[in-house]
Amino acid sequence: MNPITLVSLLSDGNFHSGSELGRALGVSRTAVWKSLSLLSGFGLEVESVKGRGYRLSRPIELLDQDRIMAGIDPETKEGLSLHLAPEVDSTNTAISTIERSGERYTVLLAEKQTAGRGRRGRQWVSPFGQNLYISVRFDLQGGPEALAGLSLVAGLAVADALQSLSIPALALKWPNDVLAEGRKLAGILVELQGEATTGWTVVVGVGLNHSMETDQSELIDQPWTSLAEYSDWGRNKCAAALIASLVFKFDEFQLAGFGPFRERWMALDFFSGKSVQLLDGSLSGQAGGVDAAGNLLIETVAGTKTVNAGEVSVRAG
Ligand code: BTN
């Protein structure tokens, strides 16, 4: 029995008896009981009360292919192939095993990542059913210059997807963290799969904290927040909005690069006008926005310095 089917029967958070679950799944009560014990492996807590049955201690909205697709406009849907997985190591890694079937964008979402990856070798905390873990794969024509600003555009796509929610102090922390009230809401990891002479296969991974439980806090080494603090958007609605926004922006990026996004990006710039310094201490000054390639500009006593996203990390000083 697929444990996800069992989770979906329990996802409403109500009690369900063992025999009811067995009937729905076409298996014995003992088989149900065995499968229930597997759910703790997903980090799901199942309560069992004599005479009432079983329930999840917290209802969850499972990812649903039809609901996500229904939230994406027809034009965007046309060029896209969407895949869902209950559990992968990392969606950025697992997407490379998905064969192409003529689509321009391959999208993979997982309920859980066992080895979610963040920037600079960090882990990305990825519990089951609480957040969104999305990877988008597409081809980009051109040499290294074609990649300039891509990761900033991905951050902007996430911020713009959430724009209608009026999240307080929604901002982009260069190069691509999405913040709400100074706390991390989403992170982006751009990776290249195989360099073709004429271009790149790009994988853009987006992790958005949707309704992360606070018991994950000890695993996270920076201030963070979840979308559920600001909005009642379910995970499927949110996934659809993110995917549509990413694809829309990537289409435009492929035609015109970062330039057309620069002004909008600067309007959300978290560092704008702040004192900043490189983490290695080699440079400090005042943040002065980004250039047409998405590099961070820092005004120093020795003039304006350009910092490339691949090189360094920056913090407000
Ligand atoms: C960061 O801010 O450090 C980047 C986090 C990126 C996390 C996402 S979740 C989906 C995709 N799969 C991964 O393993 N990482 C990215």
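Only a predicted model underlies this, so the values are computations on that prediction, with no experimental measurement involved.
Phe138 and Phe250 have parallel rings, their planes meeting at less than 30° on a 0 to 90° scale where 60° marks the start of perpendicular.
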Worked verdict on Asp139 versus Arg100 for salt bridge (Lys or Arg N to Asp or Glu O under 4.0 Å) | CA-CA 11 Å; Asp139 291 330; Arg100 293 169 186 243; 3.0 Å; yes
For salt bridge (Lys or Arg N to Asp or Glu O under 4.0 Å), just list the numbers for Glu111 and Arg235, CA-CA rounded to whole Å, side-chain angles, deciding distance to a tenth of an Å, and then say yes or no.
-> CA-CA 10 Å; Glu111 294 285 5; Arg235 291 198 308 139; 2.5 Å; yes
Walk me through it: do Glu213 and Arg58 pass the test side chain to side chain contact (heavy atoms under 4.5 Å, CB included)?
-> CA-CA 10 Å; Glu213 292 187 19; Arg58 211 176 79 116; 2.5 Å; yes
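Checking side-chain atoms of Ser284 against main-chain N and O of Gln277 turns up no donor-acceptor pair under 3.5 Å. A donor-acceptor contact shorter than 3.5 Å is absent between the side chain of Trp174 and the backbone of Asp269.
A donor-acceptor contact closer than 3.5 angstrom is absent between the side chains of Asp89 and Thr114. No side-chain donor-acceptor contact under 3.5 Å links Ser90 and Asn92. Residues Glu99 and Ser101 bring no donor and acceptor atom of their side chains to less than 3.5 Å of each other. Side-chain N/O atoms of Glu20 and Tyr54 include no donor and acceptor closer than 3.5 Å. There is a side-chain donor-acceptor pair under 3.5 Å between Thr106 and Glu103. Inspection of the Thr304 and Glu299 side chains reveals an N or O donor paired with an N or O acceptor under 3.5 Å.
Side-chain contact between Val178 and Leu208: absent, with no pair of heavy atoms (C-beta onward) separated by less than 4.5 Å.
Figure legend: cation-pi geometry between Lys274 and Phe270, with NZ or CZ positioned under 6.0 Å from the six-membered ring centre and within 45° of its axis.
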